[in-house]
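Chain naming here is simple, since letters A, B, ... match the order of the sequence lines and numbering starts at 1 in each. For clarity, every value in this text was computed on a predicted model and none was experimentally measured.
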Number of protein chains: 2
Amino acid sequence: MAKVTRDDVARLAGTSTAVVSYVINNGPRPVAPATRERVQAAIKELGYRPDRVAQAMASRRTELIGLIVPDARQPFFGEMAHAVEQAAAERGKMVLVGNSDYVAEREVHYLRAFLGMRVSGLILVSHALNDNAAAEIDAWDARVVLLHERPEAIDDVAVVTDDIGGAQLAVRHLLEHGHPYVACLGGVAETPLVGDPVSDHVEGWRRAMQEARIPTEGRLFEAPYNRYDAYQVALELLAGPHRPPAIFCSTDDQAIGVLRAARELRIEVPEELAVAGFDDVKEAALTDPPLTTVATDRTAMARAAVDLVLDDGLRVPGSRRERVKLFPSRLVVRRSCGCR
Amino acid sequence: MAKVTRDDVARLAGTSTAVVSYVINNGPRPVAPATRERVQAAIKELGYRPDRVAQAMASRRTELIGLIVPDARQPFFGEMAHAVEQAAAERGKMVLVGNSDYVAEREVHYLRAFLGMRVSGLILVSHALNDNAAAEIDAWDARVVLLHERPEAIDDVAVVTDDIGGAQLAVRHLLEHGHPYVACLGGVAETPLVGDPVSDHVEGWRRAMQEARIPTEGRLFEAPYNRYDAYQVALELLAGPHRPPAIFCSTDDQAIGVLRAARELRIEVPEELAVAGFDDVKEAALTDPPLTTVATDRTAMARAAVDLVLDDGLRVPGSRRERVKLFPSRLVVRRSCGCR
DNA sequence: GCACGGTGCGGTACCGGTTCCGTACCAGGA
DNA sequence: TCCTGGTACGGAACCGGTACCGCACCGTGC
């Protein structure tokens, strides 16, 4: 069976192809109701589906948004990607997801691939935005918004959360339980990442410690941002001679690894080790003990990112448009910190 | 900065646009080395990137594979999607992932969207293939392969694993530990799904029980295929008056929920409750206790699916082409079953 | 009764590539 | 010298839509 094209529809409806086009996109010119109906009947009868590629070609637009994340298998990114898809779907757009696996070449690869597919915008939960890439993005005139990523350049459009403040909240809370100090499990920065929100979590820890006049030296440890590597690192740290009384992890996924290591070593959480994370992934409520963490409103952030990318700025009451949208983060107290 | 097109390159290189095309795709006609070099220099100088949309339009092909999964946030599907991406990348293709969230309309939505984008093939870890959809797929002449999905129609192309046999392996193993019976946590089938591999896991359980002449009545429980819902169901089941001595879960994600519920209820695994799952997701090695489960070779399966979708059949030694590729599944013994 | 403005639609140029067809050019053989 | 065959490239049709331009037809106002 050959593919049905607009020509077939036009022929059956007895109109020109232009009218078919006007009917399927409701514009740009009006169509008389009777004609419209004939066309719609023909579309239905033939089972016509417009060819997206041809539409994109002709209109120089698409209904696509490209999303680049480090690794969608990690709960935080998976949930974020899902939220973006939902938000995009609400506005009739589809999202294309690319996993960079934390390697810069793959980020650029996806960025180029998405641009070549004429996405109308890009949302980056990633670090691909160097000057070089920016010029290319510009040439294809796509819009970019950084999500969960601190903007570096003055004209970056971004949706961020209060990472430093959120981390401070968590660390202060841990401190209030009377621990002499709180250790921190930060990320491994093989390639120093600019604008990395997770490193802001470490900064928040540092500030909270400083407020309390507690030294931070030798209390910062590092592991990749996932549970498996964090588990390995924690195994060593917790079995060592300087086991901390409390630990703040820069992501929940790491915290999950720490919890697992503690169990392995028969260290009771929170009695012998208090733990807090960051992100409030869905699983944080189902760990044992449930994880105290810092939550951000992913749904709202995803929606804001989609709005920014599609509308070039967020509508705000004062009729101006904002280019950076900051969301608050809040502490979610469960049991791993020692409460209850 | 305006976008660089093939015309700009041709002008700078002093050739026709056709030659530019021949150079960038190495064919279909040969180009003299000197000319080729001039064109390549021009491409580099201008930073030219071919427009994928226009290429797709003109050539009626793309380098895209559409992948539809129920929910990539679930570890099994996430890992499978990742494996497919890897396999596709090895062959220079990109994959588009759609999450159906287990609803049929969304499957069809993505299917149509992907066809409209002229994907060269579709890999379904899903149930979208009804006759209606098949006709559409045919019209757009894309190829489809079912992955991890039992084929229903005689001409379906599929990559499957031995679900029934694998489940039998796990249940037999549980039985060998001397339990009087093994309960089963299957899936909820609101919409009866044809070809659902997970329901084959239940079938495997049934057969293993029958082999051992143990009745199955009242020993099959149901929960959606994820840890959160399984946790809720398990909480009730394990706290009830008929707590089973052992339970086989149709997915690892469910098993993780069961493990969590057992801990909550202070039921020791495996001493008071033996547990086994299916899939061998990465996390299965990191549960407490580590989960005994059934593994399949996701990497090989993904690669086979990509080969099938791109080559219309798998090359086999005997020069024939197979249309259904069956992979074995094997038992991975860890500690949740009671071993060691 | 005629000029005029508005509405509804057909014709068609164009988006940026691919690829067929044909031609110009050159070398070699008759 | 002329014809033949092969190679290297230019020209242009085409993919399936979008959207501009302009014409035909109608109703209205003077």
Side-chain angles (χ1 to χ4, degrees), chain A residues 2-40 42-43 46-64 113 115-118 120 139-141, chain B residues 2-40 42-43 46-64 112-113 115-118 120 139-142:
Chain A
K3 204 173 70 180
V4 179
T5 74
R6 171 209 52 166
D7 293 22
D8 303 316
V9 175
R11 201 170 312 122
L12 180 61
T15 73
S16 73
T17 62
V19 174
V20 176
S21 183
Y22 297 153
V23 170
I24 66 180
N25 348 291
N26 273 320
R29 304 203 59 79
V31 174
T35 314
R36 167 180 302 272
E37 227 144 276
R38 282 212 321 285
V39 172
Q40 264 153 355
I43 289 176
L46 298 172
Y48 167 69
R49 310 253 162 225
D51 183 323
R52 297 288 171 196
V53 172
Q55 283 185 316
M57 170 92 240
S59 66
R60 283 183 288 314
R61 298 183 248 101
T62 59
E63 304 290 82
L64 301 175
L115 287 176
M117 294 170 76
R118 301 230 189 130
S120 54
W140 290 84
D141 85 339
Chain B
K3 204 174 69 181
V4 179
T5 74
R6 170 209 55 166
D7 294 21
D8 303 315
V9 175
R11 201 170 312 122
L12 180 61
T15 72
S16 75
T17 61
V19 174
V20 176
S21 183
Y22 297 151
V23 170
I24 64 181
N25 348 294
N26 271 321
R29 303 203 59 81
V31 174
T35 314
R36 168 180 301 272
E37 228 144 275
R38 282 213 320 286
V39 172
Q40 262 152 358
I43 289 176
L46 298 173
Y48 167 69
R49 312 249 163 229
D51 183 323
R52 298 288 171 196
V53 172
Q55 283 185 316
M57 171 92 240
S59 66
R60 283 182 290 312
R61 299 183 247 100
T62 58
E63 303 291 82
L64 301 174
R112 283 212 240 275
L115 287 176
M117 294 169 76
R118 300 233 189 127
S120 55
W140 290 83
D141 85 339

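Not one N or O on the side chain of B:Arg6 forms a donor-acceptor pair closer than 3.5 Å with the backbone of B:Thr17. Side-chain atoms of A:Asn26 do not come within 3.5 Å of backbone N or O of A:Tyr22 as any donor-acceptor pair. For A:Arg49 (side chain) and A:Gly47 (main-chain N/O), no donor-acceptor pair under 3.5 Å exists by modelled atom type.
In this structure, the side chains of A:Leu64 and A:Ser120 stay at 4.5 Å or more apart for every pair of heavy atoms. Contact check for A:Gln40 versus A:Val23: side-chain heavy atoms found under the 4.5 Å cut-off.
Nucleic acid contact class of B:Thr15 (heavy atoms, under 4.0 Å, all strands): sugar-phosphate only. Among the heavy atoms of the strands, none lies under 4.0 Å from B:Arg52. Residue A:Arg6 is in base contact, counting any heavy-atom pair closer than 4.0 Å across all strands shown. As judged by a 4.0 angstrom heavy-atom cut-off over every strand, B:Arg61 is placed among residues touching the sugar-phosphate backbone only. When heavy atoms are screened at a 4.0 angstrom cut-off, A:Ala32 is found touching the sugar-phosphate backbone but no base atom. Looking at heavy-atom distances under 4.0 Å, B:Val31 makes contact with sugar-phosphate atoms alone, never a base. Among the protein residues, A:Gly14 comes within range of the sugar-phosphate backbone only, with heavy atoms under 4.0 Å from sugar or phosphate atoms but none that close to a base.
Here D:dG17 presents its P atom at 10 Å from CD1 of A:Ile43, a figure rounded to the nearest Å. The nearest whole Å value for the distance from the CG atom in B:Asn26 to the P atom in C:dT18 is 12 Å. As a whole-Å value, the separation of B:Met57 CE from C:dT19 C1' is 14 Å. Rounded to whole angstrom, the span from the CZ atom of A:Arg36 across to the P atom of C:dT7 amounts to 16 Å. Rounded to whole angstrom, the span from the CG atom of B:Asp51 across to the P atom of C:dC14 amounts to 18 Å. Between the CG atom of B:Asp7 and the P atom of D:dA12 there is a distance of 14 Å, rounded to whole Å. For the pair A:Arg60 CZ and D:dA19 P, the interatomic distance rounds to 8 Å; values are reported in whole Å. Protein atom CE of A:Met117 is 18 Å distant from nucleotide atom P of C:dG16, rounded to whole Å.
Distances were taken from every side-chain heavy atom of B:Asn25 (C-beta onward) to each of C:dT18, D:dC15, C:dC9; the shortest belongs to C:dT18. Nearest to the side-chain atoms of A:Thr17 among the listed nucleotides D:dT18, C:dG17, C:dT18 stands D:dT18. Closest contact between the side chain of B:Ser21 and the listed nucleotides C:dT19, D:dG16, D:dG10 involves C:dT19. Which of C:dC9, C:dT18, C:dC15 sits closest to the side chain of A:Ala58 comes down to C:dC15. For B:Ala18, counting side-chain heavy atoms from C-beta on, the closest listed nucleotide (C:dC15, D:dA12, D:dC9) is D:dA12.
Between the CD atom of B:Gln55 and the CD atom of B:Glu63 there is a distance of 8.0 Å, given to the nearest 0.5 Å.
Comparing B:Ala54 and B:Arg38, the nucleotide of DNA chain D nearest to each residue sits closer to the 5' end for B:Arg38.
Between A:Ser59 and D:dT18 there is no side-chain N or O to OP1 or OP2 distance below 4.0 Å. Distances shorter than 4.0 Å separate none of the side-chain N or O atoms of B:Tyr22 from OP1 or OP2 on C:dG17. Using a 4.0 Å cut-off, some side-chain N or O of A:Gln55 falls inside it from OP1 or OP2 of D:dT18.
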